[in-house]
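Following: one structure in structure tokens, then a few remarks.
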Amino acid sequence: QREIADSDNAVQRIADGVRAAVHWSGENPELFQLFEFAQTDERFAQAVRAGRATLVNDAVAHVKDAIAEGLIPDNDPEQLAHAILGVSTILTSEYLHHRHADPDQIADSVVAFCLGGIGVR
């Protein structure tokens, strides 16, 4: 698996980041369960929100680069980063942790959706 910073292409860095996140979650199911619990308990909810904010901020940098490079439309980078996180989180939770699908297939699905949407014509 390649490092996110290895690519000069911002869209490739976004895809690499998504793939890394899906694989990390698959390799650490006990931490996934802990995070699921933590977000429902007020004692830990702030820490979970802070962690998500860090993930979003990391993605925002790559989204801004992709917009500047003309690789994706000029939209709100923070909203796009939240959308990437949301799709990644839900698909990983449902298909990787609850249905035990293949991490590569889930990562491919998340990347395809985040980069191409639902394909409305």
Side-chain angles (χ1 to χ4, degrees):
Q1 198 164 342
R2 54 194 268 149
E3 291 293 320
I4 295 166
D6 285 350
S7 179
D8 291 333
N9 181 298
V11 171
Q12 185 62 53
R13 291 194 308 272
I14 293 167
D16 290 345
V18 166
R19 290 179 193 289
V22 171
H23 281 275
W24 181 91
S25 188
E27 294 163 3
N28 297 280
E30 66 288 344
L31 292 176
F32 171 80
Q33 289 177 338
L34 180 64
F35 291 139
E36 272 198 329
F37 164 76
Q39 69 187 355
T40 65
D41 188 306
E42 195 52 43
R43 295 173 294 174
F44 306 109
Q46 181 59 36
V48 171
R49 285 191 293 275
R52 283 189 184 146
T54 298
L55 293 172
V56 167
N57 288 335
D58 289 349
V60 163
H62 301 299
V63 171
K64 284 181 176 179
D65 288 347
I67 291 169
E69 294 168 19
L71 300 172
I72 61 174
D74 186 3
N75 290 307
D76 184 319
E78 185 177 350
Q79 286 181 359
L80 294 175
H82 276 284
I84 292 167
L85 178 61
V87 169
S88 298
T89 300
I90 295 299
L91 289 179
T92 299
S93 173
E94 181 61 31
Y95 287 95
L96 187 62
H97 293 291
H98 297 294
R99 298 186 189 193
H100 309 290
D102 176 55
D104 288 325
Q105 188 273 320
I106 301 309
D108 289 345
S109 292
V110 173
V111 168
F113 185 83
C114 289
L115 298 184
I118 59 174
V120 174
R121 296 172 200 241

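For reference, positions follow the sequence shown, starting with 1. Keep in mind the model is a prediction, meaning the values are calculated, not measured.
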So if you build clusters from Ile, Leu, Val, Met, Phe, Trp, Tyr with side-chain heavy-atom gaps below 4.5 Å, do [X] and [Y] land together?
X: Leu55; Y: Val48; value: no
X: Leu115; Y: Val110; value: yes
X: Val111; Y: Val60; value: no
X: Phe113; Y: Val56; value: no

Show the nearest heavy-atom pair for residues [X] and [Y], with the distance to one decimal.
X: Ala10; Y: Glu69; result: N-OE1, 3.5 Å
X: Ala66; Y: Val11; result: CB-CG2, 4.0 Å
X: Phe32; Y: Ser93; result: CZ-OG, 3.4 Å
X: Leu96; Y: Ser25; result: CD2-C, 4.2 Å
X: Gln12; Y: Asn9; result: N-OD1, 2.9 Å
X: Pro103; Y: Val22; result: O-CG1, 3.6 Å

Output the distance between atom [atom1] ([X]) and atom [atom2] ([Y]), rounded to the nearest 0.5 Å.
X: Thr89; Y: Ile84; atom1: OG1; atom2: CD1; value: 11.5 Å
X: Asp8; Y: Asp65; atom1: CG; atom2: CG; value: 10.5 Å
X: Leu80; Y: Ile14; atom1: CG; atom2: CD1; value: 8.5 Å
X: Asp58; Y: Arg13; atom1: CG; atom2: CZ; value: 12.0 Å
X: Ile72; Y: Lys64; atom1: CD1; atom2: NZ; value: 12.0 Å
X: His23; Y: Thr92; atom1: NE2; atom2: OG1; value: 9.5 Å

Open item on the list: When you measure from the side chain of Thr40 to the backbone of Phe37, do you find a donor-acceptor pair of N or O atoms at a distance under 3.5 Å?
Closed with: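 Yes; judged by distance alone, with no hydrogens or angles, the pair exists.
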Open item on the list: Between Asp102 and Gln105 (side chain of the first, backbone of the second, donor and acceptor by atom type, cut-off under 3.5 Å), is there such a pair?
Closed with: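 Flag set: sc Asp102 to bb Gln105 pair under 3.5 Å.
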Task: Presence of salt bridge, Arg19 and Asp104, under 4.0 angstrom - done: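 Result for this pair is no, no salt bridge flagged.
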Side-chain heavy-atom pair [X], [Y] within 4.5 angstrom cut-off:
X: Leu31; Y: Trp24; result: yes
X: Glu36; Y: His97; result: no
X: Pro77; Y: Ile67; result: yes

